[in-house]
Amino acid sequence: MIIYDTRFNMNEWFVLSGFVIGIGLVLILPKRFTLQQSILFYMCGAYSGFFFDHSLSVTPLSLYDVNDTSDYEWIDFLSYFAYGAVAYMFFYVYDKFRIRPAYIPVYILIWSLASVGFEWISVKLGVFHYNYGYKLAYSFAIYLFVQTAWIALFFRYGRGNAGNTGYAAADLTKAKNA
């Protein structure tokens with residue numbers, strides 16, 4: 001007979017609280033996007049987390065383990081939805097504060113540093129366990145890449161797309177003409 005421990009450990013509490021807070025923010029913040037855009041932006045985070053976790057944390061690389069073991073657990077699945085909330089907030093804040101093209105690198109840098117900060121906390125709480133010399137600095141490079149791609153996606157499908165009269169397209173045109 002297999003007995004499962006139903007108590008949450010610290011890393012599971014951290015992931016669970018991140019999920020609840022993230023979903024809560026997504027649901028209570030004033031709506032800025034269409035439903036389709038909201039789903040797209042949310043799924044950017046879920047997919048990015050899933051893609052990199054399953055590319056870097058499985059054999060043959062196995063550069064890190066997520067949670068207690070290398071096995072895929074329910075809390076791992078839940079963490080991808082927490083990543084989705086982070087991505088949604090990335091797009092939400094970008095749109096809300098109308099980040100000008102000249103400040104996009106600063107915006108990406110701030111979010112990448114914040115992401116590394118959350119990952120550092122996750123490492124300390126046992127959510128991530130690095131293997132084979134993997135370092136937090138490697139994740140920083142991944143965050144820079146992913147969030148740059150997200151901005152490009154926002155210009156294509158967010159308020160700044162060509163079919164929309166949003167501010168981002170006008171700002172990009174001004175920046176090109178300057």
Side-chain angles (χ1 to χ4, degrees), residues 5 7-29 33 38-97 99 103-155 158:
D5 185 2
R7 294 174 293 163
F8 289 121
N9 59 32
M10 184 62 85
N11 62 341
E12 290 172 333
W13 276 113
F14 184 69
V15 171
L16 187 60
S17 61
F19 169 78
V20 170
I21 291 168
I23 294 295
L25 283 171
V26 169
L27 294 176
I28 65 171
L29 285 171
F33 308 115
S38 296
I39 292 169
L40 174 67
F41 297 155
Y42 190 90
M43 291 309 296
C44 281
Y47 174 77
S48 296
F50 184 83
F51 176 79
F52 284 102
D53 279 355
H54 286 271
S55 297
L56 301 175
S57 70
V58 297
T59 55
L61 295 177
S62 194
L63 296 176
Y64 58 85
D65 292 326
V66 180
N67 288 312
D68 295 335
T69 68
S70 294
D71 297 331
Y72 189 71
E73 301 172 305
W74 71 273
I75 199 75
D76 299 335
F77 180 74
L78 193 62
S79 71
Y80 300 127
F81 288 97
Y83 292 145
V86 170
Y88 182 84
M89 293 305 302
F90 176 89
F91 291 110
Y92 189 93
V93 171
Y94 179 81
D95 187 62
K96 171 91 173 141
F97 291 103
I99 305 299
Y103 296 106
I104 290 173
V106 174
Y107 184 75
I108 292 170
L109 180 64
I110 289 168
W111 272 88
S112 294
L113 289 170
S115 298
V116 165
F118 282 116
E119 186 171 326
W120 179 79
I121 292 169
S122 298
V123 169
K124 295 300 179 190
L125 293 176
V127 176
F128 295 110
H129 306 276
Y130 297 155
N131 302 320
Y132 306 113
Y134 188 83
K135 296 181 180 359
L136 196 57
Y138 303 151
S139 293
F140 180 69
I142 291 170
Y143 292 127
L144 286 173
F145 171 77
V146 167
Q147 292 167 353
T148 300
W150 287 353
I151 291 292
L153 180 82
F154 186 82
F155 274 106

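- Scanning all heavy atoms of the two residues, the minimum distance from Q147 to I108 falls at OE1-O, 3.5 Å.
- Taking the six-membered ring for Trp and thresholds of 30 and 60 degrees, F91 and F41 have nearly parallel ring planes, at less than 30 degrees apart.
- With contacts defined as side-chain heavy-atom distances shorter than 4.5 Å, the pair Y64/V123 does not qualify.
- Residues L56 and I142 share a closest heavy-atom pair of CD1-CD1, 3.5 Å.
- In this structure, the side chains of F118 and V86 stay at 4.5 Å or more apart for every pair of heavy atoms.
- Within the model, atoms CD1 of I110 and CZ of F90 stand 11.0 Å from one another, a figure rounded to the nearest 0.5 Å.
- Looking at every heavy atom in both residues, G45 comes nearest to Y83 through O-CB, 3.2 Å.
- The closest donor-acceptor contact from the side chain of E119 to the backbone of L136 lies at 3.5 Å or more, if one exists at all.
- Formation of a donor-acceptor pair under 3.5 Å by the Y42 side chain with backbone atoms of F81 is found in this model.
- How far CD1 of I39 is from OH of Y88: 11.0 Å, rounded to the nearest 0.5 Å.
- A 4.5 Å side-chain heavy-atom check between Y138 and L63 finds every atom pair outside the cut-off.
- At a threshold of 4.5 Å between non-hydrogen side-chain atoms, the residues Y47 and V146 do not count as touching.
- With rounding to the nearest 0.5 angstrom, the CD1 atom of I104 is 4.0 Å from the CZ atom of F155.
- The closest donor-acceptor contact from the side chain of Y92 to the backbone of F33 lies at 3.5 Å or more, if one exists at all.
- Across all their heavy atoms, L153 and C44 have their closest contact at CD2-SG, 3.1 Å.
- In this structure, the side chain of Y94 does not engage the main chain of I151 through any donor-acceptor pair within 3.5 Å.
- Here the shortest heavy-atom pairing between S55 and L61 reads O-CD1, 3.3 Å.
- Taking OG of S139 as the reference point, atom OH of Y130 lies at 4.5 Å (rounded to 0.5 Å).
- Residues F140 and L109 meet the side-chain proximity criterion, which asks for heavy atoms closer than 4.5 Å.
- Interatomic distance, M43 CE to S38 OG, rounded to the nearest 0.5 Å: 13.0 Å.
- Atom OG of residue S48 and atom OH of residue Y143 lie 10.5 Å apart, to the nearest 0.5 angstrom.
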